[in-house]
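A short write-up of the structure that comes next.
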Amino acid sequence: MATCLIGCRIVSDAPEGRTVARITETEAYLWNDAAAHSFRGRTLRNASLFLERGHAYVYFIYGNHYCFNVSGDRAGVGAGVLVRAAEPLDGFELIRARRGMVRDLDLLRGPGRLAQGLGISREHDGLDLTTGKRLWIAPRVRPVPNVGVTVRIGITKECELPLRFYDADSAHVSGPKRLR
DNA sequence: CGGCTGATGATCT
DNA sequence: GATCATCAGCCGG
């Protein structure tokens, strides 16, 4: 699931306009994974992780940022994929207006930046990403020949599992250089 | 470049 | 009251 998403496109339709980006980096969170938000069972906040595969789970973290996930298993199973980075494809001006004056490479590089640049917030939590309303995922146009794997970033539990995936040929990827 | 830190608020215990 | 799947800004090399 996490590797399936690499190279797919996220389309976000907002009142201000449409933005499109190509996913370059993901992290998997499993159903029995101490690092996953679903680990201690379903709550009001994480309920979307338990929806059928392909629904949005958006949460607010550190007082400033949203993170965008895609639920990854059957209904009732709390698993998902955090989308950590993407490359802008369309709606460049809108993404930049949301993100401010940063390097092009940093527009959507990192989960909080990605959500900000694409205008994703808790309003999108629970949306079905396969039906093409407001926010959806479109298939890859081209295959991604080189997918790298590393440990996940920024977590305090299960730090050693190799569940972070990224397009090794893209510069639009987050994390320290040694992790690429 | 890498390393560190403060901001900031929802969520859960 | 602690925790947190982050980021921008600042510092030193």
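Below, chains carry the letters A, B, ... as their sequence lines are ordered, and counting in each starts from 1.
- A/R99 has no side-chain polar atom (N or O) that falls below the 4.0 Å cut-off from OP1 or OP2 of C/dC7.
- Within 4.0 Å of A/R152, counting heavy atoms only, lies no atom of the nucleic acid at all.
- Phosphate contact (OP1/OP2 of B/dT13, side-chain N/O of A/R40, threshold under 4.0 Å): absent.
- Residues A/D104 and A/F92 have side chains in contact (heavy-atom distance under 4.5 Å, counting atoms from C-beta outward).
- In this structure, a donor-acceptor pair under 3.5 Å is present between the side chains of A/S174 and A/E25.
- Per the geometry, CZ belonging to A/R109 stands 20 Å off P belonging to C/dA5, to the nearest Å.
- Rounding to whole angstrom units, CG of residue A/L5 and P of C/dA5 are separated by 20 Å.
- In the region residues 58-67 of chain A, proximity to DNA chain B at under 4.0 angstrom, judged on heavy atoms, holds for A/F60, A/Y62, A/G63, A/N64.
- Nucleic acid contact class of A/R164 (heavy atoms, under 4.0 Å, all strands): none.
- At distances below 3.5 Å, not a single donor-acceptor pair connects side-chain atoms of A/T26 with backbone N or O atoms of A/V81.
- The aromatic rings of A/Y66 and A/F60 are tilted relative to each other, their planes meeting at an angle between 30° and 60°.
- For the pair A/K157 and C/dC4, the criterion of a side-chain N or O lying under 4.0 Å from OP1 or OP2 is met.
- The two atoms that bring A/N46 and A/H37 nearest to each other are ND2-O, 2.9 Å, heavy atoms only.
- At whole-Å resolution of the value, OH in A/Y29 and C1' in C/dC4 are 11 Å apart.
- Taking only side-chain nitrogens and oxygens, A/R122 never comes nearer than 4.0 Å to OP1 or OP2 of B/dG9.
- Nucleotide B/dA10 has C/dT3 as its partner under the Watson-Crick or G-U criteria, with both atom distances under 3.5 Å.
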**Check against side-chain contact (heavy atoms from CB on, under 4.5 Å), A/V20 and A/I10** = CA-CA 6 Å; A/V20 183; A/I10 310 172; over 6 Å; no
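- To the nearest angstrom, P of B/dA10 lies 16 Å from NE2 of A/H37.
- Proximity of A/T43 to the phosphate of B/dT11: no side-chain N or O atom is located under 4.0 Å from OP1 or OP2.
- Proximity of a side-chain donor or acceptor of A/E87 to a complementary backbone N or O of A/S170 within less than 3.5 Å is not detected.
- Considering only side-chain atoms of A/L49, the nucleotide from B/dT13, C/dA5, C/dC4 that sits closest is C/dA5.
- Rounded to an integer number of Å, the gap from CD of A/Q116 to C1' of B/dT8 is 15 Å.
- Per the geometry, CG belonging to A/L107 stands 11 Å off P belonging to C/dA8, to the nearest Å.
- The OH atom of A/Y57 sits 13 Å away from the P atom of C/dC4 (whole-angstrom rounding).
- Spacing between atom CG of A/N46 and atom P of C/dA5 amounts to 13 Å, rounded to whole angstrom units.
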